[in-house]
Amino acid sequence: MTEVADTEVASFPMTRTCPFSPPAEYRTMREEAPVSQVELPTGQRAWVVTRLDDVRTMLTDPRLSSDRRNPNFPMIVPGQRRRPDFKASLITMDAPEHGQARREVVGEFTVRRMKALQPRIQEIVDERIDAMLAGPPGADLVRALSLPVPSLVICELLGVPYRDHDFFQARTAKLLNRHTPADERGEAFDELLDYLDQLVTGKEKAPTEDDLLGRQVLRQRAQDAEDHDGLVSLAFLLLVAGHETTANMISLGTLALLENPDQLAIIKNDPSRTLDAVEELLRYFTIAETATSRVAVEDIEIGGVLVKAGEGVITLGNAANRDPAAFEAPDTLDFERGARHHVAFGFGAHQCLGQNLARMELQIVFDTLFARIPGLRLAAKVADLPFKDDATIYGLHELPVTW
Ligand code: HEM
């Protein structure tokens, strides 16, 4: 086992030079030092794990904690540390608390539940495309489709009024932008928290079976386990995670399809292949690459390196999903590869709760968009597109298209 001496280390996050590839340093780290130390913008040091095998092993190891209250938890953004008065949500809990909390909500996200939502998601997508086609050709796809579709879906699922979308989308974008000043970040957090606090209070006064938050209120009541703050924190997590991630995948996925006409032809000719395409696009972009950060609570050996208790670990999905030991020609977008073992949704106990929903939304969007607007094309050069190099979730700020 190697103990690493206290030498100068690379700064993280690193910068992309190509919008379709992870930063070049990921390959070097994976090949030369697959578990290596980096320095974060907070000044903290953390370990970065870059091989798929190691990442999957680590994400099932209970000696790595998700608790963001731990002062050594690796934070990518200064000032992002969890507020002590904000009740832990699923993503920040450890076993056994995490398993209990996840069991209470997992039934809302089963494949069967998602299938039941399919007709409504199709309707939402069709309505947005009707609106695009009603005007003259040309739109910013982010505003016209990518953001509204998952926002409408998560609003209906949770019971959040969609008329408030400008409010919660703007605050989410601020929270996810790495360059938002700490005071603005704090303000955005407080405003979103207050908003959801009031919303949950409303549900508690008049709970219905119609939406997830109402059903959770009723469940808690039936079990004599009212937990207002827990529900607010769950609503916060689901609202933020439920729209911005999928929106970015819709934009990036559409761009990749337009840039790879041979791959687009596969799904246009045979829509039964779209789910494979979605899986490969998730692997290829791995937009939430640092979502799977942890802190070691005991000494642990990772890939032959000793990580000591109290040290931060970033299992870097975007490096792991380009690992040639796991994916042949990993930098090629290839819908035929069967990329199901990727870690774009994480792995282990915290694996994305909304993954079935995200897959379904992406599948419906890509099938419908290219069937209804077969002449869809970019209205800007790729080099001029505003990619979200400034955010903790990768994506596009705008995607000008025409037809
Ligand atoms: C393409 C879209 C999405 C991507 C790439 C994505 C990615 C991820 C990743 C990497 C994790 C693991 C975090 C960890 O290990 O600590 C995660 C967890 C989670 N995601 Fe997603 N996500 C997406 C969509 C969604 C949607 C639509 C929802 C909600 C409806 C959602 C809700 C959650 C929740 C609640 C967790 C925490 C689960 C737990 O800790 O048990 N996600 N997501």
Side-chain angles (χ1 to χ4, degrees), residues 68-69 77 79-93 101 104-105 108-109 117 124 142-143 146-221 226-248 288 291 352-354 357-358 361 388 391-393 395 397:
R68 274 116 178 120
R69 283 170 309 188
V77 182
Q80 200 191 25
R81 194 160 297 287
R82 210 184 95 194
R83 283 185 4 181
D85 58 330
F86 182 57
K87 191 148 188 196
S89 63
L90 275 184
I91 206 158
T92 72
M93 288 176 186
E104 282 164 3
V105 73
E108 296 280 354
F109 293 94
L117 286 180
I124 287 173
V142 174
R143 296 255 132 232
S146 312
L147 258 179
V149 168
S151 302
L152 275 155
V153 172
I154 197 69
C155 278
E156 288 192 14
L157 187 68
L158 287 182
V160 172
Y162 182 68
R163 62 173 178 274
D164 298 333
H165 66 101
D166 283 340
F167 172 85
F168 68 73
Q169 285 168 353
R171 275 143 195 87
T172 301
K174 275 194 180 175
L175 289 175
L176 295 177
N177 191 310
R178 290 193 282 119
H179 304 311
T180 304
D183 53 337
E184 274 182 47
R185 171 181 307 284
E187 205 180 322
F189 186 95
D190 289 346
E191 287 169 353
L192 202 49
L193 196 60
D194 283 350
Y195 170 79
L196 290 167
D197 196 316
Q198 284 171 30
L199 189 89
V200 169
T201 303
K203 303 271 173 209
E204 285 161 345
K205 282 190 187 137
T208 66
E209 284 281 351
D210 298 349
D211 56 66
L212 186 152
L213 293 175
R215 286 189 289 272
Q216 289 293 319
V217 170
L218 293 168
R219 179 194 56 76
Q220 288 185 352
R221 249 175 227 175
E226 270 100 337
D227 179 7
H228 173 85
D229 291 350
L231 263 190
V232 174
S233 142
L234 177 70
F236 197 111
L237 173 64
L238 290 176
L239 184 62
V240 169
H243 76 277
E244 178 71 29
T245 47
T246 312
N248 285 314
C352 181
L353 187 66
L357 178 60
E361 292 182 48
K388 291 187 178 172
T392 47
I393 308 279
H397 290 289

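Heads up: numbering here begins at 1 and tracks the sequence.
V160 has its side chain within reach of Y195: a pair of non-hydrogen atoms, C-beta onward, lies under 4.5 Å apart. Two residues are said to be in side-chain contact when any heavy atoms from C-beta on lie closer than 4.5 Å; R185 and V77 meet this criterion. A heavy-atom distance below 4.5 Å is found between the side chains of L192 and V240. Side-chain contact between D211 and E156: absent, with no pair of heavy atoms (C-beta onward) separated by less than 4.5 Å. Annotation: side chain of P148 is not in contact with side chain of I124 (no heavy-atom distance under 4.5 Å). Side chains of E204 and E226 form no contact here, defined as non-hydrogen atoms less than 4.5 Å apart.
Rounding to the nearest 0.5 Å gives a distance of 4.5 Å between CG of L176 and OG1 of T392. Annotation: the span from T201 atom OG1 to K205 atom NZ amounts to 6.5 Å, rounded to 0.5 Å. From E108, atom CD reaches atom CG of L158 across 9.0 Å, with rounding to the nearest 0.5 Å. L199 CG to D194 CG: the interatomic distance, rounded to the nearest 0.5 Å, is 12.5 Å. Note that the CG atom of L238 and the OG atom of S89 stand 8.5 Å from one another [nearest 0.5 Å]. Atom-to-atom distance recorded for L157:CG and D210:CG is 12.0 Å, nearest 0.5 angstrom.
Remark: of the listed residues H165, Q169, H243, Q169 is the sole one forming a side chain to side chain donor-acceptor pair (under 3.5 Å) with S151. Checked against K87 for a side chain to side chain contact (heavy atoms under 4.5 Å, CB included), the options L231, D227, V232 give a single hit: D227.
The two residues L175 and F236 make their nearest non-hydrogen contact at CD1-CZ, 3.9 Å. Scanning both residues, R68 and I91, for their nearest heavy atoms gives NH1-O, 3.0 Å. Taking all atoms of both residues into account, the shortest heavy-atom contact from A88 to S233 is O-OG, 3.4 Å. Closest approach of G214 and P207 over heavy atoms only: O-CB, 4.0 Å. L234 and Q216 make their closest contact through CD2-CG, 4.3 Å (heavy atoms, listed as atom of the first residue, atom of the second, distance).
A side-chain N or O of N248 and one of E244 form a donor-acceptor pair less than 3.5 Å apart.
Taking a 6.0 Å sphere around CZ of R221, one finds it holds more than 12 heavy atoms contributed by other residues, nucleotides or ligands.
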